[in-house]
Number of protein chains: 2
Amino acid sequence: MTTESTKNPEPLEAIAVSMTPLQRFEEYLQSKSLRNTEQRKFLIEQVFNRHEHFDADQLMEQLPSKGSANYVSRPTVYRTLREFVDAGLLNRFELDGRSVYEHDYGYPEHDHLYCTKCRKLIEFTSPELLQIRESVAKLHRFRARDHRFIIEGTCDECAKLRSKGRRQDRV
Amino acid sequence: MTTESTKNPEPLEAIAVSMTPLQRFEEYLQSKSLRNTEQRKFLIEQVFNRHEHFDADQLMEQLPSKGSANYVSRPTVYRTLREFVDAGLLNRFELDGRSVYEHDYGYPEHDHLYCTKCRKLIEFTSPELLQIRESVAKLHRFRARDHRFIIEGTCDECAKLRSKGRRQDRV
DNA sequence: ATCGTTGCAAACGTTTTGCATAAGG
DNA sequence: CCTTATGCAAAACGTTTGCAACGAT
């Protein structure tokens, strides 16, 4: 089977959901008898008003610093990101040795192209990929639960700038 | 992570190559004006007499310890593994936050099923996957150079033991 | 009044680095 | 000889943990 994903390279659209991330998280907290603290509410807001891909450091950078109101400590950021993943709000994967997060709730399944020059992540969808996953799993009697498919290379912009600028090519 | 391909889908066969890994590495060293030291020769031997998937720690464990002949220090192991990757002898990917290596030279391209219960890596090949990679890359004007496709889930053996055994399910 | 949560500091596991010494070419 | 490589110790890196104080229910 060949692969003509017919869509053009446009950003993926958010899909309709019945609850806001905060509502969904509150439900999750209740179901686990966890508490809805100021920090968690604030972080939900920060994370869902933001770009799709980020790591813990990038999130920390956009937060109020140590003296300010709404300051959240680094351990709490890590702990809360993990909860967001558990709650199904965020998706986590590893890139260059650190954890990268993206919206999961209200966002369609997709995979990534990763430009090793500018470190940009480009999303794409491929229904055929899921078919491969299913048939491979079946062949090996494997219960597939998730997958990570990252295509590494050079994006169009970086390829155009390539003639002069010399940088690292491989991860 | 162990590397037992299960009984049914047969393990991938090594493909014919004209040079031994050592020969190829020596060529690489010469081309870069690097030196063919005892440690590097010994590590080539250790790595290519071994299972496919391993991390730096697992390699260290099988090496002679500090007093012995042929002792290789941890920094040298890391430095040398990187060279093996540069030389095209090994392939590196990330799993659970650390680097995992496998034979690249003389070994067919493949991807992995990863059992999150027993941490086993199972190899598979899929020509269709490369077609997807190509068409997605083309669609996004992306120069694809490599990819990582890891399907996570539960292997057959672990699924059979599942009724009583309790362990972590997700990475 | 519980009991989960926070911030702090300190630890963690993996990988890398600076530097003096050793050794390949 | 000249340079690269090694081992050591220590640092770096991203992340996690123990704990006392705090705060939500």
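Letters go in sequence order (proteins before strands), and every chain restarts at 1.
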When you measure from the side-chain N and O atoms of Q39(A) to the phosphate of dG7(C), is any distance below 4.0 Å, counting only OP1 and OP2?
yes
Between R98(A) and R40(B), which residue's closest nucleotide on DNA chain D lies nearer the 5′ terminus?
R40(B)
Using 4.0 Å as the upper bound for N to carboxylate O, is an ion pair formed by E38(A) and K41(A)?
yes
Could you give the CG-to-P distance, from L34(B) to dA23(C), as a whole number of Å?
19 Å
Residue closer to the 5' end of DNA chain C, E38(A) versus E38(B) (nearest nucleotide):
E38(A)
Does D55(A) have any side chain to side chain donor-acceptor pair (under 3.5 Å) partners at least two apart in sequence or in another chain, and if so, which?
R98(A)
Are any of T37(B)'s side-chain N or O atoms less than 4.0 Å away from OP1 or OP2 of dA23(C)?
no
Applying a strict under-4.5 Å side-chain criterion to I, L, V, M, F, W and Y, I'd like to know whether Y78(A) and V100(A) cluster together.
no
Minimum heavy-atom distance M19(B)-E27(B), with the two atoms named
CE-OE1, 3.7 Å
Close approaches to DNA chain C from residues 62-78 of chain A, in residue order (heavy atom, under 4.0 Å):
K66(A), Y71(A), V72(A), S73(A), P75(A), T76(A)
Salt bridge flag under 4.0 Å for residues R148(A) and D111(A)
no
From CG of D96(A) across to C1' of dT16(C) the rounded distance in Å is 15 Å
Treating Ile, Leu, Val, Met, Phe, Trp and Tyr as nodes and any side-chain heavy-atom pair under 4.5 angstrom as an edge, say whether L130(B) and F93(B) lie in one connected cluster.
no
If you draw a 6.0 Å radius around CD in E109(A), do more than 12 non-hydrogen atoms from other residues or ligands fall strictly inside?
no
Can you give me the N/O atom pairs linking the protein to nucleotides 19-22 of chain C at distances under 3.5 Å, or say none if there are none?
none

Using a 4.0 Å heavy-atom cut-off across all strands, classify N36(B) as base, sugar-phosphate, or nothing.
sugar-phosphate
What residues form a side chain to side chain donor-acceptor pair (under 3.5 Å) with R50(A), not counting sequence neighbours?
Q62(A)
Can you measure L29(B) atom CG to dA23(C) atom C1' for me and round it to whole angstrom units?
15 Å
For V47(B), does its backbone N or O pair with a side-chain atom of H103(B) as donor and acceptor, under 3.5 Å?
yes
Are the side chain of E52(B) and the backbone of E102(B) linked by a donor-acceptor contact shorter than 3.5 Å?
no
By side chain to side chain donor-acceptor pair (under 3.5 Å) - contacts of K32(B) (at least two apart)
none
Between which nucleotides of DNA chain D, read 5' to 3', does contact with chain B run, using atoms under 4.0 Å from its heavy atoms?
dT3(D) to dA9(D)
